[in-house]
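Heads up: the structure comes next, in structure tokens.
As the structure is a prediction and not an experimental result, all values here were calculated from the model. We number each residue from 1, following the sequence as shown. One-based numbering, in listed order, for ligands and for the atoms of each.
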Amino acid sequence: MIIVISGTPGVGKTIVSKELVKRLNLKYFHLSQFVIDEKLYIEYDEERQSYIIDEDKVKDKLEIALKESDNIVIESIYPSLIPKADIVVVLRKNPIVLYNELKNRGWPELKIAENVEAEILGVISQEAKEAFNGKVCEIDVTKISIDQIINKILNKECDYFIDWLSDTEIQSFLENLDNIISSHENNI
Ligand SMILES: Nc1ncnc2c1ncn2[C@@H]1O[C@H](COP(=O)(O)OP(=O)(O)O)[C@@H](O)[C@H]1O
């Protein structure tokens, strides 16, 4: 069984992945750590304080690293780079709650804005559905405990249509994020 836990940074991937590993006695694979350990990046983006990954190298290395793997939880923000999976869980978190989570991490303003915008637009969920059509299970984790998340995953209780933009407060929040992003782009 290969379970992928994906979603925007800050939604709860690590905490959920580790709890799932414990409950089901599975192996754990953190893709972003693998990228850093194997130096599968092109460069470090100082402004965003994150690595720009070399997708082709990651795909090749993953094919080898995961070749024999079964009974594993793979945590990743890049679901389309993963060669195979039985289920791809995409954790979703209310963008305003997520914004505060990333702010508490002390991340740069631009990195927060880009990640929260991606959550509003469902970027990772879309990427997962294109790569693993029919195997994706989205879960809104905003108001539920880790235990409840794990049970939803094990019972495949998915939320079928998460559209943050149906909330007018989030529509105006997105405009603010766009302003932050464009102000950084204008300063280049
Ligand atoms: N269901 C939840 N309820 C309350 N807090 C949560 C929940 N899921 C995650 N968190 C908290 O959210 C933060 C981000 O979790 P983490 O697993 O580090 O996210 P990610 O790996 O997606 O960046 C952590 O402080 C974690 O304790």
Side-chain angles (χ1 to χ4, degrees), residues 2-38 40-41 44-45 47-53 58 62 66 72-82 85 87-129 131-132 135-160 162 164 167 170 173 177:
I2 298 176
I3 305 172
V4 174
I5 303 293
S6 193
T8 313
V11 294
K13 295 184 300 301
T14 299
I15 200 167
V16 168
S17 297
K18 290 188 171 174
E19 183 59 25
L20 210 47
V21 162
K22 202 165 71 180
R23 294 270 192 100
L24 301 181
N25 190 26
L26 301 174
K27 293 187 286 290
Y28 172 63
F29 186 92
H30 191 293
L31 179 51
S32 296
Q33 193 55 53
F34 177 73
V35 167
I36 294 167
D37 295 346
E38 300 287 322
L40 303 176
Y41 47 83
Y44 185 73
D45 181 325
E47 189 176 15
R48 293 172 176 81
Q49 292 178 14
S50 50
Y51 289 94
I52 298 170
I53 71 165
V58 172
L62 274 183
L66 298 175
I72 190 168
V73 174
I74 303 171
E75 174 186 341
S76 176
I77 59 172
Y78 309 107
S80 59
L81 300 185
I82 294 163
I87 179 170
V88 180
V89 178
V90 180
L91 305 179
R92 304 296 302 274
K93 190 177 264 188
N94 177 288
I96 294 168
V97 175
L98 181 64
Y99 177 87
N100 294 324
E101 163 61 35
L102 299 181
K103 199 102 173 117
N104 291 339
R105 288 186 179 183
W107 279 14
E109 184 188 57
L110 176 62
K111 184 173 181 179
I112 294 173
E114 290 177 332
N115 278 287
V116 177
E117 181 168 276
E119 175 56 32
I120 293 174
L121 301 176
V123 169
I124 291 183
S125 181
Q126 193 53 41
E127 179 187 324
K129 287 172 183 171
F132 292 97
K135 292 184 176 180
V136 176
C137 177
E138 282 188 288
I139 299 174
D140 177 355
V141 300
T142 312
K143 298 191 180 92
I144 58 176
S145 69
I146 304 297
D147 259 351
Q148 287 171 307
I149 298 170
I150 300 295
N151 290 331
K152 281 172 91 75
I153 293 172
L154 297 178
N155 299 322
K156 291 204 178 143
E157 288 170 27
C158 313
D159 296 307
Y160 286 95
I162 296 170
W164 301 126
D167 176 337
I170 292 178
F173 190 56
L177 297 173

- Any N/O of S145 closer than 3.5 Å to an N/O of ligand 1? no
- ligand 1 contacted by G10 (non-hydrogen, < 4.0 Å): yes
- Task: May I ask you to decide if the ring planes of Y99 and F173 are parallel, tilted or perpendicular, using 30° and 60° as cut-offs?
- Result: perpendicular
- Message: Can you name the atoms of ligand 1, numbered from 1 with element, that are less than 4.0 Å from a heavy atom of I149?
- Response: 1 (N)
- Query: Could an N or O of ligand 1 be found under 3.5 Å from any N or O of P9, whether backbone or side chain?
  - Reply: no
- Message: Taking side chain to side chain contact (heavy atoms under 4.5 Å, CB included) as the definition, give me every residue that meets it alongside D167, ordered by chain and number, with sequence neighbours left out.
- Response: E169, I170
- Protein contact to atom 10 (N) of ligand 1 [nearest heavy atom, distance to 0.1 Å]: K93 NZ, 4.2 Å
- Query: Looking only at protein heavy atoms, which one is nearest to atom 16 (P) of ligand 1, and how far off is it?
  - Reply: G12 CA, 3.7 Å
- Message: Regarding atom 21 (O) of ligand 1: of the candidates T142, T14, L91, V141, which has the closest heavy atom?
- Response: T14
- Query: To the nearest 0.1 Å, how far is atom 1 (N) of ligand 1 from its closest protein heavy atom, and which atom is that?
  - Reply: I144 O, 2.8 Å
- Query: If we only count heavy atoms from C-beta on, is the I53 to L40 side-chain gap below 4.5 Å?
  - Reply: no
- Residue and atom name of the nearest protein heavy atom (relative to atom 18 (O) of ligand 1), distance in Å to one decimal: R105 NH2, 3.3 Å
- Closest non-hydrogen protein atom to atom 17 (O) of ligand 1, residue and atom name please, with distance? I15 N, 2.9 Å
- Nearest protein heavy-atom contact for atom 7 (C) of ligand 1: which residue, which atom, what distance? I146 CD1, 3.6 Å
- Evaluate the criterion side-chain contact (heavy atoms from CB on, under 4.5 Å) for residue pair K18 and Y28; output intermediate values, then yes/no. CA-CA 7 Å; K18 290 188 171 174; Y28 172 63; 3.9 Å; yes
- Task: Run the numbers for me: atoms of ligand 1, each under 4.0 Å from some heavy atom of E75, listed by number.
- Result: 21 (O)
- Sub-4.0 Å protein heavy atom near atom 4 (C) of ligand 1: no
- Task: Output, in order, the C-alpha distance, side-chain angles, deciding distance and verdict of side-chain contact (heavy atoms from CB on, under 4.5 Å) for L24 and V73.
- Result: CA-CA 10 Å; L24 301 181; V73 174; over 6 Å; no
- Query: So which heavy atom in the protein is nearest atom 25 (O) of ligand 1, and how far is it from that ligand atom?
  - Reply: E101 OE1, 3.8 Å
- Message: If I take atom CD1 from residue I139 and atom CG from residue D159, how far apart are they, to the nearest 0.5 angstrom?
- Response: 7.0 Å
- Query: To the nearest 0.5 Å, how far apart are OG in S6 and CZ in R92?
  - Reply: 10.5 Å
- Listed by chain and number, what are the side chain to side chain donor-acceptor pair (under 3.5 Å) partners of D147, not counting sequence neighbours? R23
- Message: Would you call the rings of Y44 and Y51 parallel, tilted or perpendicular, taking 30° and 60° as the class edges?
- Response: perpendicular
